[in-house]
Amino acid sequence: MIDVRLLRTDFDGVRAALARRGDDAILSSLDRARDLDVRSREIIAERDDLRAKVKSISKDVGMLRRDGKVDEAEALQADSRALGEREQTLDAEYAQVADALRTELLYIPNIPHHAAPDGASDADNPVVRGPVGLLDEYPEHQRVPHWETATDLGILDNERAVKISGAMFTMQRGAGATLARALCQYGLDLNADVHEEIRPPSLVTTATLTATGQLPKFADDAYAIERDDLWCVPTAEASLTSLYNDEILAGDELPIRVMAFSPSFRREAGSAGRDTRGMLRAHEFDKVEMLAFARPDQAPALLDDMVDRAARAVEGLGLPYRVIEICTGDMGQSHHRTYDVEVWAPGAGTWLEVSSVSWFGDYQARRGNVRFRPVGDDGQPVKGTEFVHTLNGSALAVPRVWAAIVEHYRNPDGSVTVPDALRPYMRGIDVITAS
RNA sequence: GGAGAGGUGCCAGAGCGGCCGAAUGGGACGCCCUGCUAAGGCGUUGACUGCAGCAAUGUGGUCCGUGGGUUCAAAUCCCACCCUCUCCGCCA
């Protein structure tokens, strides 16, 4: 959520920054929010004034009654009642305006970082690192899609997954299942040096999913368990971001860095049939997510570090990769600045997004009400509170890395060699062969 | 799911419908005292928000689990919901 006060102090600046996202609907929403804010403050001024009068009269009534001056007290009560009625009318109007304003603000996306590249779509995302390790041409035995190789090897059984759960669910078997779990363990171990490992709930409340920005705007993308008013997390980001909702953290304990393995559930509404072969896009997948709560001054370095970590994960597996920066027109609603790590899949013949690392500014923290007490140069807490900055990124998204491994490490005989980095987790399997 | 108890400030804990943003104790911070430490004394100690001000600040409003209601006036009365604890039931 953006700061309403910015609409008062620098409306044109906010408008210009958001215009870079290239969506006029945002700008009209911004106009409406500004008008609602003006109106709500007009009402508040009048209402609070009435409340102050009622409070003061009520005190007088109390004293008069104590002194036995019943007639005077009753006269005052009548006055107060009249004021109270007007106050109630105003209050009802305020509630309406405030609610409309809150809704408007919940839909307005984050302001892009000034250095984020301009652009209209994913076609405009610049490559900022790499490609690293990419060959000009891949030999024929690597140019086989993972769904073919994996099905032949018996490590992917999507037909039966569909029987069990319907379209766009996947199932790994045998060494394939082991490989998926090995990737999780690898992703966690790689980042345990600075992150606390957390195993958060996978079902979360509406408030939790609202804090990250998934709700209310993207309700159709998430699985809802309506009977219990819970949602399946689309990513562990959702659970982790709400870890400290409504809390005030000490400035000197920041940054707080956490990571979690979790399943991720996505309805993928509207994307059926698009990049859905094999393991490319599914309703449920596993992922290791990193997340940081930081002071604003710590955020840029953390963003760089997290991008490095995401890249290191695929680099350590020997996969060709590149890093792209997301342009203003392709940026997610809550994002302030975002980098994606992509891995080359020689069989599918495409770059696969395997990690998205983002800096959210205080956009999520404002929604979740996560604050910190700043510390001055003398080490003493400074008066007041500030919203933390949040950052997150996939440390390792299992299915697409799994797919890239099966394609990249495919041998001429159709077997798949396990990358060295994963061997400790593979129960002695160095090469996956048909069993 | 059933029965009972409870949710108050950083923590513990009191609170008659008006004098309650809230006693008291603890903690934390500052100062005093002491050679140092301990003990003791004095003081400070919430968040959000409207308006005014460059600002320090001033001045209104809101917050005693959440949301409604009664009243001139609600932490205090009424209703619903949420959460915690104990017992029972169920269960990996």
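To find a chain, count down the sequence lines: A is the first, B the second, and so on, and within it residues start at 1. Since we're looking at a predicted model, the values are computed, not measured.
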Whether the [X] and [Y] side chains hold a donor-acceptor pair (N or O, under 3.5 Å, no angle test) is what I'd like checked.
| X | Y | result |
| --- | --- | --- |
| A:Thr89 | A:Glu87 | no |
| A:Asp330 | A:Asn125 | yes |
| A:Asp340 | A:Ser356 | yes |
| A:Gln77 | A:Arg65 | yes |
| A:Thr206 | A:Asp229 | yes |

Nearest-Å distance, [atom1] ([X]) to [atom2] ([N])?
| X | N | atom1 | atom2 | result |
| --- | --- | --- | --- | --- |
| A:Ile57 | B:rC19 | CD1 | P | 16 Å |
| A:Arg366 | B:rU49 | CZ | P | 9 Å |
| A:Arg371 | B:rA47 | CZ | P | 8 Å |
| A:Asp99 | B:rG68 | CG | P | 11 Å |
| A:Leu50 | B:rG60 | CG | P | 16 Å |
| A:Asp60 | B:rC19 | CG | C1' | 13 Å |
| A:Gln88 | B:rC72 | CD | C1' | 12 Å |
| A:Leu90 | B:rG50 | CG | C1' | 14 Å |

- Item | salt bridge (Lys or Arg N to Asp or Glu O under 4.0 Å) evaluation trace for A:Glu42 with A:Arg39 | CA-CA 5 Å; A:Glu42 286 169 0; A:Arg39 181 68 195 126; 2.8 Å; yes

Where the side chain of [X] is defined as all heavy atoms beyond and including C-beta, which of [options] is the nearest nucleotide?
| X | options | answer |
| --- | --- | --- |
| A:Arg65 | B:rC72, B:rC51, B:rG60 | B:rC72 |
| A:Arg66 | B:rC19, B:rC51, B:rG18 | B:rC19 |
| A:Ala45 | B:rC72, B:rG50, B:rG61 | B:rG50 |
| A:Thr385 | B:rC72, B:rA47, B:rG50 | B:rA47 |
| A:Lys59 | B:rC72, B:rC19, B:rG50 | B:rC19 |
| A:Arg51 | B:rC51, B:rU62, B:rC72 | B:rU62 |
| A:Val61 | B:rA47, B:rC72, B:rU49 | B:rC72 |
| A:Asp48 | B:rG61, B:rA73, B:rG50 | B:rG61 |
| A:Ala52 | B:rG60, B:rC72, B:rG50 | B:rG60 |
| A:Arg373 | B:rU62, B:rA73, B:rG46 | B:rG46 |

Using OP1 and OP2 only, check whether a side-chain N or O of [X] sits under 4.0 Å from [N].
| X | N | result |
| --- | --- | --- |
| A:Arg41 | B:rC51 | yes |
| A:Lys55 | B:rU62 | yes |
| A:Arg8 | B:rG50 | yes |

- Specify the residue among A:Asp49 and A:Phe387 whose closest nucleotide of RNA chain B lies further upstream toward the 5′ end. A:Phe387

- Item | Position toward the 5' end of RNA chain B (nearest nucleotide), A:Lys53 or A:Arg81 |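 Its nearest nucleotide being more 5', the pick is A:Lys53.
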
Rounded [atom1] spacing from [N] to [M] in Å:
| N | M | atom1 | value |
| --- | --- | --- | --- |
| B:rC82 | B:rG30 | P | 46 Å |
| B:rG21 | B:rC32 | C1' | 30 Å |
| B:rC33 | B:rG18 | C1' | 44 Å |
| B:rG7 | B:rC16 | P | 13 Å |
| B:rA3 | B:rG9 | P | 29 Å |
| B:rC29 | B:rC83 | P | 37 Å |
| B:rC19 | B:rG61 | P | 13 Å |
| B:rU49 | B:rA38 | C1' | 46 Å |

- Query: Base, sugar-phosphate, or nothing for A:Ser80, non-hydrogen atoms under 4.0 angstrom?
  - Reply: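 It contacts sugar-phosphate atoms only.
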
- Parallel, tilted or perpendicular: which describes the rings of A:His283 and A:Phe169, with under 30° parallel and over 60° perpendicular? tilted

- Task: Anything under 30° is parallel, anything over 60° is perpendicular, the rest tilted; go ahead and classify A:His389 against A:Trp359.
- Result: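 Tilted.
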
- Message: Test side chain to side chain donor-acceptor pair (under 3.5 Å) on A:Thr390 and A:Gln364; report intermediate values, then the result.
- Response: CA-CA 7 Å; A:Thr390 54; A:Gln364 294 182 323; 2.8 Å; yes

- Query: Does the ring centre of A:Tyr363 sit less than 6.0 Å away from the ring centre of A:His336?
  - Reply: no

- Watson-Crick or G-U pairs under 3.5 Å in RNA chain B, rendered as dot-bracket with [ ] for crossing pairs and | for another strand: ((((((((.[[[..)..(.....]]]((((((.......))))))(((((((....))))))).[[[[[..)....]]]]])))))))....

